There are 2 protein chains.
Amino acid sequence: MTSLDSSPHAVQGVQPVPAGQEGKAAGGKQIPPAAVARLTLYLRALNTMLAEGVERVSSESLAEASGVSSSTLRKDLSHVGSYGTRGVGYEVQYLSRHIAAALGLTHDWKVAIVGAGNLGKALARYGGFESRGFDVVAIFDADQMVVGNEVGWLRVSDVADLETVLHRTGANMVVLALPAAVAQGVCDRVVAAGVHSILSFAPVMLQVPDGVNLRKVDMATELQILAYHAQRAQTPGQTA
Amino acid sequence: MTSLDSSPHAVQGVQPVPAGQEGKAAGGKQIPPAAVARLTLYLRALNTMLAEGVERVSSESLAEASGVSSSTLRKDLSHVGSYGTRGVGYEVQYLSRHIAAALGLTHDWKVAIVGAGNLGKALARYGGFESRGFDVVAIFDADQMVVGNEVGWLRVSDVADLETVLHRTGANMVVLALPAAVAQGVCDRVVAAGVHSILSFAPVMLQVPDGVNLRKVDMATELQILAYHAQRAQTPGQTA
DNA sequence: GTATGTGAAACTGTTCACAGCC
DNA sequence: GGCTGTGAACAGTTTCACATAC
């Protein structure tokens, strides 16, 4: 599931997610999961090019900038639509807009972060969110010593007020940056409060009902995967 | 020092898997990437069970604890070897050891973190590393105001001394927790210093030579993928 | 001529169903 | 009886090759 990249080594790690059952032939055409993940990479590369004043790009060079093969890129783009010109390439801004639209990034998403430890603070201050259409609208902690502190331009809310603040701020995504032991409890409350998109950094398997989209980032898992490959690489009589 | 977990298995007597008859995949064949990622989940679940005193487990319940199907779990374990008993299940400790061995977690890995901002500090203090066989041996920053500060039980080194400190500490994995703009430069130096396993949190496509293992964790990408699914769910898709 | 867009082929990963062993 | 381990069927993904359009 995770590895996407034709280059020597895979990138990007997340675990299998319950995969909401897509209703059969419902509204629109759906984009394969592997393609969705890569579209975000193309979007980033395109936006970098846009900032550099590049106006047109070929599948070959966009693919290289994104770390994928050009055939993969063209196939992925074909799920979004036909926005290139044969014999010429793609107009950077035009393609960027259409990918953004396909990904649902045409309006801002409001993100609440639960956990104001180092990780939560790092996320709250990470400029990359704001610039990509994600507005951090709240940050919570359970520790009364932390509640009320300023983090970036936000004030830390008491997690006891989770439901109230989520509702008031209109948050529609939540990032869990808290200890494994309390993650499930908070997750349940978040779901009950009506948020259906959750990104968890807690190293536990969280249970969510159908219809809730949970993604998980796990740093220990990533290191373990590296360890596996490193160990494999040490085949000959090389010193460790 | 740190073994796989707080649990009492100073793994060691595991790697001499009788490399005789496994024409399959047990002793030293390669495990599919998707399976490797999930094996880390099984390992975590098993170690939790071990801490709770559970001695045996069925594929069904281990699968549930890990969030996968039991057939997937059994297929994954078949890449590691045949360590279950038909009609009975798996012995928790025994299976845990063999998975750890297959993943190359029988010895400690030494991790250096580059970047002592919020994210770097969060990683350095994250207990989950130590308890899983990853020893954080150094943390670097370029900011002279930060160099020399204490983070956990480490002192922040100057990134100017990267090569020296990596060598002295024997670090064999590096985590990049720094701004996109400087990531490639530091990455090149890390590779030149002989480290072949890199986990990057920088939101850029890093270029590494063959033989270097690079994994990437990207929070903006994760949120964008959530946005895609959330948008689909919201769309007034007609019920068939 | 050049580069996109797309069927078809090749490959990887998942699920099914049951044989084999307890 | 119950549960593991695995070949076979199925589903998803990547690569290939070329028709198509500029």
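In what follows, chains carry the letters A, B, and so on, assigned in the order in which the sequence lines appear, proteins first and then strands, with residues in each chain numbered from 1. In this text, all values refer to a predicted model and were calculated from it rather than measured experimentally.
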Polar pairs (N or O, both sides) under 3.5 Å between protein and nucleotides 17-20 of chain C?
{"residue": "dG20(C)", "atom": "N3", "partner": "Arg86(B)", "partner atom": "NH1", "Å": "3.3"}

Which sits closer to the 5' end of DNA chain D, Tyr90(B) or His79(A), going by the nucleotide each is nearest to?
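Residue closer to the 5' terminus by nearest nucleotide: Tyr90(B).
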Between Trp109(A) (side chain only) and Gly104(A) (backbone N and O only), is there a donor and an acceptor less than 3.5 Å apart?
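Checking the backbone N and O of Gly104(A) against the side chain of Trp109(A), a donor-acceptor pair under 3.5 Å is found.
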For the side chain of Ser66(A) and the backbone of Leu62(A), is there at least one donor-acceptor N/O pair under 3.5 Å apart?
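It does hold such a pair.
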Compare side-chain N and O positions of [X] against OP1 and OP2 of [N] and report whether any pair is under 4.0 Å apart.
X	N	result
Thr72(B)	dT14(C)	no
Arg38(A)	dT14(D)	yes
Ser59(B)	dG5(D)	no

Can the ring centres of Tyr94(B) and Tyr83(B) be said to be less than 6.0 Å apart?
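Aromatic pair counts; centres sit under 6.0 Å.
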Write down the distance between [atom1] ([X]) and [atom2] ([N]), rounded to a whole number of angstrom.
X	N	atom1	atom2	answer
His98(A)	dT4(C)	NE2	C1'	16 Å
Gln30(B)	dC11(C)	CD	P	14 Å
Tyr83(B)	dT6(D)	OH	P	12 Å
Leu77(B)	dT14(C)	CG	P	14 Å
Lys29(A)	dT6(C)	NZ	P	11 Å
Arg56(A)	dT2(C)	CZ	C1'	12 Å
Tyr94(A)	dT4(C)	OH	P	16 Å
Lys75(B)	dA9(D)	NZ	C1'	11 Å

Would you say the side chain of [Y] lies within less than 4.5 Å of the side chain of [X], judging by non-hydrogen atoms?
X	Y	result
Leu223(B)	Val175(A)	yes
Glu222(B)	Lys216(A)	no
Glu91(A)	Thr85(A)	no

Identify, between Ser58(A) and Val88(B), the residue whose nearest nucleotide on DNA chain C lies closer to the 5' end.
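The residue whose closest nucleotide sits nearer the 5' end is Ser58(A).
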Identify whether any heavy atom of Ser70(A) sits under 4.0 Å from a base atom; if not, whether one sits that close to sugar-phosphate; answer base, sugar-phosphate or nothing.
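No contact.
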Counting only side-chain heavy atoms from C-beta out, which of dC22(D), dT15(C), dT15(D) sits nearest to Thr85(A)?
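Minimum distance to the Thr85(A) side chain belongs to dC22(D).
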Side chain of Pro33(B), heavy atoms from C-beta onward: which of dT6(C), dT15(C), dG13(C) has the nearest atom to it?
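Nucleotide nearest to Pro33(B)'s side chain: dG13(C).
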Side-chain polar contacts of residues 191-209 of chain A - donor-acceptor pairs under 3.5 angstrom, sequence neighbours left out - could you list them?
{"residue": "Ser200(A)", "atom": "OG", "partner": "Ala202(A)", "partner atom": "N", "Å": "3.1"}

